[in-house]
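I have placed the structure first, in the form of structure tokens, so that the comments after it can refer back to it.
Here is the naming used below: chain letters follow the sequence lines, and residue numbers restart at 1 for every chain.
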Amino acid sequence: MKTTLTEILTDALERARQDGSLLLDPLPDIQLDVPKDPRFGDVATNLAMVLAGSLKQPPRQIAAVLIDHIPEANGLIDRCEIAGPGFINFFLKEDYWLRILQEILDQGEAYGRSQRGKGAAVLLEFVSANPTGPLHIGHGRGAVVGDALARILDAAGYKVTREFYINDAGRQLRVLGRSVWLRYRRLFDSLVPFPEEEVYPGDYVIEIAEGIRDREGDRYLSLPEEEVLPHFADLAAGEILQGITHDLKEIGVHFDHFYSERSLYEQGKVRECIEVLEEKELLFHEENGACVLRTSGLGDDKDRVLIKGNGDYTYFASDIAYHREKMERGFDRLINIWGADHHGYVPRMQSAMRAFGYDARTLQVLLIQMVNLLREGKPVRMGKRSGEFVTLAEVVEEVGADVARYFFLLRRYDSHLDFDLDLAKTQSNENPVYYVQYAHARICSVFKQAEEKGFPLDRVAQAPLDRLNLPEERELIKLLGSFPDVVEGAADAMEPHRIPFYLQELASRLHAYYFKHRILSEDVEKSLARLCLIGAVRSVIHNALQLVGVSAPESM
RNA sequence: GCGCCCAUAGCUCAGUUGGAUAGAGCGUUGGACUACGAAUCCAAAGGUCGCAGGUUCGAAUCCUGCUGGGCGCACCA
């Protein structure tokens, strides 16, 4: 809708320029609004007010000129009004809305999809949790936001690849190996010390050690530590990663690739990356042998070490190699989803992009704020080191995947989230998930009812849609008509939470309409038309729920 | 000390990229089932958009400075 109106306005501007009534150069961007108040029309633009400054004419006068240049036979606009300081309000032709309704019915699951992204290839990296322990609730939020964003971008015409980066090199993994090794030895000798401060204390480490003992007995006790530790580390990481993918699957999140950090080293990508930077003369070496990237000249506040004095690579080294690798795989855009506590890392990552000659804006980082888990109104203490660790899997088990997902998406990703376990578990009107799902189930129920009562459902496609002339019906159709704009907006801004908010409003309008007006009546033609309307609502609710990965049940 | 994020109704939060009278859910109060699902609906009360300046036709939104909260500032990950 907005796009066709934009064309009409651009055309009007062009005509006005050619006949000299408006001295435009260049043509301005056209901004369209859907006014909150229906009295201000179906769509409005502030165009005249924007132009007032440069044209040095009163906005209302410019608006009048513009309206004069809109052709009569545009097929869309019924009438225009100039309002307030210079808004142009457009009232669209009655049958336009019926065409929209027909379009929704025709398109079905495709309604809401667009070519906004023009097929641009996007690499969306998210979760990327270290394989050293189970996912917690914060990971869950990142996972669900990332997954929903992937679905939304896909619907908006981007080619999305979902990737999980595995930190399977470096110190944390060595610590994991040592943790398992100590637990393993303790299974045979309880006197072996277990320094909780230096290793991972979680019970899952014991379980991994027990697994090794059950399968292979005590044979590792006699082997030298240097041999056992890397093996245990790999074994444990593999097992934990399997658990992670399992937990992600339980909450409906999947990945196209798992990208191994270690493979970057094994394929020489890290070294290659450093050589390239060396050629670009972006590196310098300190007295102790450390190798440093001059990020300070590229937007970061200081230079960053790539190779330490002891010869070890820093994580930053493999990270930039990874991102260079992403670009070399041909992606147009990179999106990373990180916990907000990593925000200090963003400038240096973007300076690395610049170091390789890419626009820093090619990499966008979404920082997901922390999640506060509440039970009985009190925060549940989190943290890998604390005893009462609550995993994502436990939360999903407790409240279900639909609820968990919806709760994660109910807030902007950059605001703190209180996850209230008791609220999440209530199957009542306090729980926003059911409100929306109920609307869907309710419509399904009406269709079932219509079938039982013998309404000629095979004639629904020929229903006289012009019988839908109530204000509530008109508003409902308008809301349905804005769905593609909502999806595009969510994709542009990378803000999945817009979908649940849209759903809330749509469900609310549906419930109100349903309560006030009977769908099935003696007037068969009208009943069929109304079935078309609620059928379209059902379809859009279904599509929107699909975008956030929440199920649309036919009965509850 | 420096940097980033946040501050909107009693609570939790939206606010269409600077637009018209600032919205929703929950909670509170009062009402609505002999008809398609009451997990629903209708109505009311509730606001100095943290504070003070600035930018302009117009600011919750943009710029500056404060106040208060969160998080970062490694040759850690």
Side-chain angles (χ1 to χ4, degrees), chain A residues 2 31-37 39-40 44-46 49-50 52-53 58-59 83-87 89 130 132 167 170-173 175 286 288-292 301-302 304-316 319 339-347 367 369-370 410-412 414-418 420 423 426-439 441-450 452-453 455 482 485-486 488-490 492-493 495 497-498 500-502 504-505 507-508 510-521 527 530-531 534 555-556:
Chain A
K2 283 189 179 175
Q31 193 185 327
L32 295 172
D33 262 343
V34 177
K36 281 167 281 194
D37 192 330
R39 287 176 306 168
F40 295 138
T45 182
N46 59 1
M49 290 183 286
V50 172
F87 289 102
N89 296 336
N130 286 331
T132 54
N167 290 111
R171 202 184 79 87
Q172 288 211 19
L173 199 73
V175 174
E286 302 221 315
N288 64 2
C291 173
V292 185
D301 50 1
K302 60 173 86 164
R304 303 292 173 179
V305 174
L306 295 180
I307 305 174
K308 304 179 204 171
N310 67 6
D312 285 350
Y313 291 94
T314 62
Y315 263 66
F316 187 49
D319 278 346
D341 51 339
H342 290 77
H343 72 259
Y345 212 77
V346 176
L367 298 167
Q369 271 298 346
M370 340 203 72
L410 224 38
R411 308 243 174 300
R412 286 180 57 108
D414 60 358
S415 77
H416 289 259
L417 170 64
D418 284 332
D420 187 329
L423 175 62
T426 53
Q427 301 205 356
S428 75
N429 57 354
E430 291 170 57
N431 196 325
V433 190
Y434 298 116
Y435 183 81
V436 172
Q437 289 183 323
Y438 181 58
R442 197 173 220 183
I443 295 169
C444 291
S445 174
V446 176
F447 272 91
K448 211 176 300 165
Q449 193 68 221
E452 284 167 12
K453 287 186 175 173
F455 280 87
S482 72
D485 297 332
V486 171
E488 286 188 3
D492 289 350
E495 290 179 348
H497 76 276
R498 294 185 186 202
F501 278 93
Y502 173 79
Q504 171 72 29
E505 193 182 346
S508 165
L510 184 276
H511 285 311
Y513 173 64
Y514 172 91
F515 196 86
K516 196 168 171 186
H517 304 287
R518 236 187 119 65
I519 310 295
L520 306 173
S521 64
S527 300
R530 289 186 170 176
L531 282 171
I534 66 167
S555 66
M556 296 172 65

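Across all strands, A:E286 comes closer than 4.0 Å to base atoms (heavy-atom distances). A:D319 comes within 4.0 angstrom of no nucleic acid atom, judged by non-hydrogen atoms across all strands. At a threshold of 4.0 angstrom between heavy atoms, the contacts of A:A290 include nucleobase atoms, whether or not backbone atoms are also involved. Note on A:G309: a base of the nucleic acid sits closer than 4.0 angstrom, heavy atoms only. Across all strands shown, A:S521 has no heavy atoms under 4.0 Å from either base or sugar-phosphate atoms. Among the heavy atoms of the strands lying under 4.0 Å from A:Y345 is at least one base atom, whether or not backbone atoms are also near. Note on A:K516: nothing from the nucleic acid sits closer than 4.0 angstrom, heavy atoms only. Base contact: A:A441 has a heavy atom under 4.0 Å from a base atom. The residue A:A44 sits close to a base: some heavy atom pair falls under 4.0 Å.
Searching all strands for a Watson-Crick or G-U wobble partner of B:G10 with both distances below 3.5 Å returns B:C26. Using Watson-Crick or G-U wobble geometry with both donor-acceptor distances under 3.5 Å, B:C51 finds its partner in B:G65. The partner of B:G72, taking Watson-Crick or G-U wobble pairs whose two distances both stay under 3.5 Å, is B:C2. Across all strands shown, B:A20 forms no Watson-Crick or G-U wobble pair with both distances under 3.5 Å. Within the shown strands, nothing qualifies as a pairing partner of B:A60 under the Watson-Crick or G-U definition with both distances less than 3.5 Å.
Straight-line distance from the OH atom of A:Y438 to the P atom of B:C36: 11 Å, rounded to whole Å. One interatomic measurement links the two molecules: CZ of A:F515 to C1' of B:G31, which rounds to 11 Å at whole-angstrom precision. When the P atom of B:G58 is taken as reference, atom CE of A:M49 falls 12 Å away, rounded to whole Å. With rounding to whole Å, A:Q449 atom CD is found 7 Å from B:C36 atom P. Atom CD1 in A:I443 sits about 13 Å away from atom C1' in B:U40, given to the nearest Å. Nucleotide B:C26 holds its P atom 16 Å from the OH atom of A:Y434, rounded to whole Å. Look at CD1 on A:I519: it is 13 Å from C1' on B:A35, rounded to the nearest Å. Between the P atom of B:G25 and the CG atom of A:D420 lies a distance of 19 Å, rounded to the nearest Å.
A distance of 8.5 Å separates NE2 of A:H497 from OG of A:S415, quoted to the nearest 0.5 Å. From A:Y438, atom OH reaches atom CG of A:L510 across 10.5 Å, with rounding to the nearest 0.5 Å. To the nearest 0.5 angstrom, A:I443 atom CD1 is 14.5 Å from A:Q449 atom CD. For the atom pair CG of A:L520 and CD of A:E452, the computed distance is 11.0 Å after rounding to the nearest 0.5 Å. The distance from the CZ atom of A:F87 to the CG atom of A:D33 is 7.5 Å, given to the nearest 0.5 Å. Atom CZ of residue A:R412 and atom CZ of residue A:R498 lie 8.0 Å apart, to the nearest 0.5 angstrom.
For A:K308, no side-chain nitrogen or oxygen approaches OP1 or OP2 of B:A74 to under 4.0 Å. Phosphate proximity of B:C73 to A:H342: absent, as no side-chain N or O sits under 4.0 Å from OP1 or OP2. For B:C41, one of the phosphate oxygens OP1 or OP2 lies less than 4.0 angstrom from a side-chain nitrogen or oxygen of A:Y435. Put simply, A:R442 has a side-chain N or O that comes within less than 4.0 Å of OP1 or OP2 on B:A38.
No option in A:N89, A:L32, A:V50 other than A:L32 meets the side chain to side chain contact (heavy atoms under 4.5 Å, CB included) test with A:T45.
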- [ ] Please test A:I534 against A:Y513 for side-chain contact (heavy atoms from CB on, under 4.5 Å), starting from the C-alpha separation and ending with a verdict.
- [x] CA-CA 10 Å; A:I534 66 167; A:Y513 173 64; 4.1 Å; yes
TODO: Please test A:L367 against A:V346 for side-chain contact (heavy atoms from CB on, under 4.5 Å), starting from the C-alpha separation and ending with a verdict.
DONE: CA-CA 9 Å; A:L367 298 167; A:V346 176; 4.2 Å; yes
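For A:R39, counting side-chain heavy atoms from C-beta on, the closest listed nucleotide (B:C41, B:G19, B:U21) is B:U21. Minimum atom distance to the side chain of A:N288 is reached by B:C75, of the listed B:A74, B:A32, B:C75. For A:Y514, counting side-chain heavy atoms from C-beta on, the closest listed nucleotide (B:C57, B:C36, B:U17) is B:C36. If you check B:C41, B:G19, B:C36 against the side chain of A:N46, the one that comes closest is B:G19. Ranking B:G37, B:U17, B:C41 by closeness to the A:A512 side chain, first place goes to B:C41. Taking every side-chain heavy atom of A:R498 into account, B:U17 is the closest of B:C75, B:U17, B:C71.
Residue ring and nucleobase are not stacked for A:F87 and B:G19 under a centre distance beneath 5.5 angstrom and an angle between planes beneath 30°.
Sequence order on RNA chain B of the closest nucleotides to A:R518 and A:H497 puts A:H497 first from the 5' end. For A:N310 and A:N89, each mapped to the nucleotide of RNA chain B holding its nearest heavy atom, the one lying further toward the 5' end belongs to A:N89.
B:C49 and B:A14: their C1' atoms are spaced 13 Å apart (whole Å). When the C1' atom is used for both B:A45 and B:A52, the distance is 32 Å, rounded to whole Å. Here, B:C71 and B:C75 have their P atoms 23 Å apart, quoted to the whole Å. A distance of about 23 Å separates the P atoms of B:C63 and B:G68, rounded to the whole Å. Taking atom P on both nucleotides, B:C76 is separated from B:G18 by 42 Å, rounded to a whole Å. A distance of about 40 Å separates the C1' atoms of B:U28 and B:G65, rounded to the whole Å. Nucleotides B:A39 and B:C51 place their P atoms 42 Å apart, quoted to the nearest Å. The gap from the P atom of B:G72 to that of B:U61 amounts to 29 Å, rounded to the nearest Å.
Base orientation of B:U16: anti (glycosidic angle beyond 90° from 0). For B:C33, the base adopts the syn conformation, since its glycosidic angle falls within 90 degrees of zero.
Using a 4.5 Å heavy-atom threshold, the side chains of A:F447 and A:L531 count as touching.
Not a single donor-acceptor pair, N or O on each side, falls under 3.5 Å between the base of B:A20 and the side chain of A:D33. Contact annotation: side chain of A:D341 to base of B:G72, donor-acceptor pair absent below 3.5 Å.
The two residues A:Y434 and A:M556 make their nearest non-hydrogen contact at CD2-CE, 3.5 Å.
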Open item on the list: Can you build the contact string for nucleotides 3-13 of chain B? Use B for base contact, S for sugar-phosphate-only contact, and - for no protein heavy atom under 4.0 Å.
Closed with: BBS------SS
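A donor-acceptor pair shorter than 3.5 Å cannot be found between the side chains of A:Y315 and A:N167.
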